[in-house]
Protein chains: 2
Amino acid sequence: MPRPPDPAVRTALVEQAAAMLVAREPVTLRALATRAGTSTMAVYTHFDGIAGLWAAVRQEGFGRLAARLADVAPTDDPVRDLAALGAAYAAHALTHPALYRAMFDAAADLPDPEAAGAAFTVLVDTAARARDAGRIDADPLAVATRQWAAGHGLILLVISDVLPRAALAEHAPPIITAIVAAAGDDPARCAASVRAGWSG
Amino acid sequence: MPRPPDPAVRTALVEQAAAMLVAREPVTLRALATRAGTSTMAVYTHFDGIAGLWAAVRQEGFGRLAARLADVAPTDDPVRDLAALGAAYAAHALTHPALYRAMFDAAADLPDPEAAGAAFTVLVDTAARARDAGRIDADPLAVATRQWAAGHGLILLVISDVLPRAALAEHAPPIITAIVAAAGDDPARCAASVRAGWSG
DNA sequence: CGCTAGGTATAACAGGGTTATGGGACACTC
DNA sequence: GAGTGTCCCATAACCCTGTTATACCTAGCG
């Protein structure tokens, strides 16, 4: 009997919020509602307030990230793939810095953590392939976590204008190489793989 | 001829703001003024608004960080010192997570960047000692930057409850070891030094 | 075809930062 | 040492934000 919620309104709100975030405009309830062609109340029926909207935006951000990482085609060199994933991850973050920041503002409580987990799983799986191929002998989960943490920190420092943009290309490959080599890979071979994967 | 601004009011405001941040209370202008025993206008005369107050708080945070790092007594093993600095840095961040977060919300524009630079300089100098001692042959600035970025990312993920607190002790030493070893140090010796430095 | 339940719009509310306004204390002048 | 001007600080209004109350009105069912 009731009128069903319009899914189009929900997606429009999330899209607009993400767009405003990218455009570096302040995401206020009224501005968002106006841009989405609706009223402020829609945010409450669909998301139960602006906190819920942020959660949906974070979810959207992790979904886009996972999609972007899934687009990285695996090769027969898993270490190269690891670096390629890092490059894709960094590209996503640098293209949408505000969205990336928002994603980690409260990344712990996502509506559907699986989506975020999917992005991370790609990393772990690639590290596992590296182990299966005999390139590394350390725990793939540990290697993936270290890659992620190090990349996250470097990206945030660049986004925050603490380090120049060039710092990413200068330091990311050496860091990836260091972690993978420490996990057991041959340093020279590892460096070559990372260089190839990072460049694309 | 005018009445000079009271420095005590200024410091009281910064201290109270930092305290409220640590106590995880929302830092509002009115609550802050009440706790500092003054009025909201004091924030404007001393800091030109709450944005300026945040800048002062960030400055305070970097000052405390620099002080804490300066307390780390150098030994004859620079790699060990590097790990000890990392441990002190992490301890500072985990003790005051909200303050650490605030520090990097806009770390690019500090009133006096030198204070923040001082904290970083300790890292660079220690890396330079490692090079002078023949432990590493890479650029000390690059090594320090990589340590910082990787540690920053790991700490933020822990603070954000994305990774468990135990992840810090699990991953920080291996990451430090990986970066320093990749810079030229002997892997086994490096691991031992880092272990010693991290434990204190 | 009417009834009803729930989404949407409008408007009032609470709390945040900022901006006027006035008083009062300090330092400088004579 | 009294006068005086300058700005620090307290009070109170303002605007904008998120939230909540209320009314409408649409969509589905008996």
Side-chain angles (χ1 to χ4, degrees), chain A residues 1-60 98-99 101-103 105-106 109-111, chain B residues 1-60 98-99 101-103 105-106 109-111:
Chain A
M1 322 159 185
R3 176 177 174 189
D6 190 354
V9 173
R10 182 192 163 92
T11 59
L13 283 171
V14 175
E15 299 271 331
Q16 278 300 326
M20 293 171 76
L21 220 46
V22 170
R24 307 193 183 197
E25 300 171 25
V27 180
T28 77
L29 214 53
R30 286 168 177 77
L32 174 65
T34 302
R35 283 182 178 262
T38 179
S39 170
T40 62
M41 280 307 297
V43 175
Y44 285 82
T45 62
H46 287 282
F47 305 104
D48 191 46
I50 206 166
L53 176 83
W54 283 118
V57 168
R58 289 195 297 272
Q59 189 78 46
E60 172 76 13
L99 181 57
R101 258 183 182 277
M103 282 166 58
D105 267 353
D109 44 66
L110 282 175
Chain B
M1 318 169 168
R3 175 180 173 189
D6 189 353
V9 174
R10 181 191 166 94
T11 59
L13 283 171
V14 175
E15 300 270 333
Q16 278 299 329
M20 294 172 75
L21 219 46
V22 170
R24 309 193 181 196
E25 298 172 26
V27 181
T28 78
L29 214 54
R30 288 168 177 80
L32 174 64
T34 302
R35 282 183 177 262
T38 178
S39 169
T40 62
M41 279 308 297
V43 175
Y44 285 82
T45 61
H46 286 281
F47 304 104
D48 191 43
I50 204 164
L53 175 83
W54 283 119
V57 169
R58 289 195 296 272
Q59 189 77 48
E60 171 75 13
L99 181 57
R101 258 184 182 279
M103 281 166 59
D105 268 354
D109 44 66
L110 282 175

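Letters go in sequence order (proteins before strands), and every chain restarts at 1. This one's a predicted model, so the numbers in the text were calculated from it and none came from an experiment.
In this structure, the CH2 atom of A:W54 is 13 Å from the C1' atom of D:dG18, given to the nearest Å. Rounded to an integer number of Å, the gap from CG of B:L13 to P of D:dC9 is 9 Å. For the pair A:I50 CD1 and C:dG16 P, the interatomic distance rounds to 16 Å; values are reported in whole Å. For the pair B:D48 CG and D:dC7 C1', the computed distance is 15 Å after rounding to whole Å. The CG-P distance, from B:L53 to C:dG16, rounds to 15 Å in whole Å. One interatomic measurement links the two molecules: CZ of B:R10 to P of D:dC7, which rounds to 18 Å at whole-angstrom precision.
As judged by a 4.0 angstrom heavy-atom cut-off over every strand, A:L29 is placed among the base-contacting residues. When heavy atoms are screened at a 4.0 angstrom cut-off, B:V43 is found touching no nucleic acid atom at all. Within the 4.0 angstrom heavy-atom criterion, only backbone atoms of the sugar-phosphate kind lie near A:T28; the bases stay farther away.
The nearest heavy atom of DNA chain C to B:M41 and to A:T40 marks one nucleotide each, and the one closer to the 5' end goes with A:T40. Heavy-atom nearest nucleotides on DNA chain D were determined for B:A42 and for A:G49, and the one closer to the 5' end corresponds to B:A42.
We find the CD-CE distance between A:Q59 and A:M103 to be 10.0 Å, quoted to the nearest 0.5 Å.
Summarising the geometry of B:F47 relative to B:L53, their closest heavy-atom pair is CB-N, 3.5 Å, with the distance given to 0.1 Å. When all heavy atoms of B:R58 and B:L110 are compared, the pair lying nearest together is CB-CD2, 3.6 Å. Closest approach of B:M20 and B:P26 over heavy atoms only: CE-O, 3.6 Å.
OP1 or OP2 of C:dT18 lies within a sub-4.0 Å distance of a side-chain N or O belonging to B:Y44. Side-chain nitrogen and oxygen atoms of A:T38 include at least one within less than 4.0 Å of the OP1 or OP2 phosphate oxygen of C:dA9. Between A:S39 and C:dT8 there is no side-chain N or O to OP1 or OP2 distance below 4.0 Å.
For B:R30 against C:dG17, a side-chain-to-base donor-acceptor contact under 3.5 Å is present.
Ion pairing between B:E15 and B:R35 fails under the 4.0 Å rule for side-chain N and carboxylate O.
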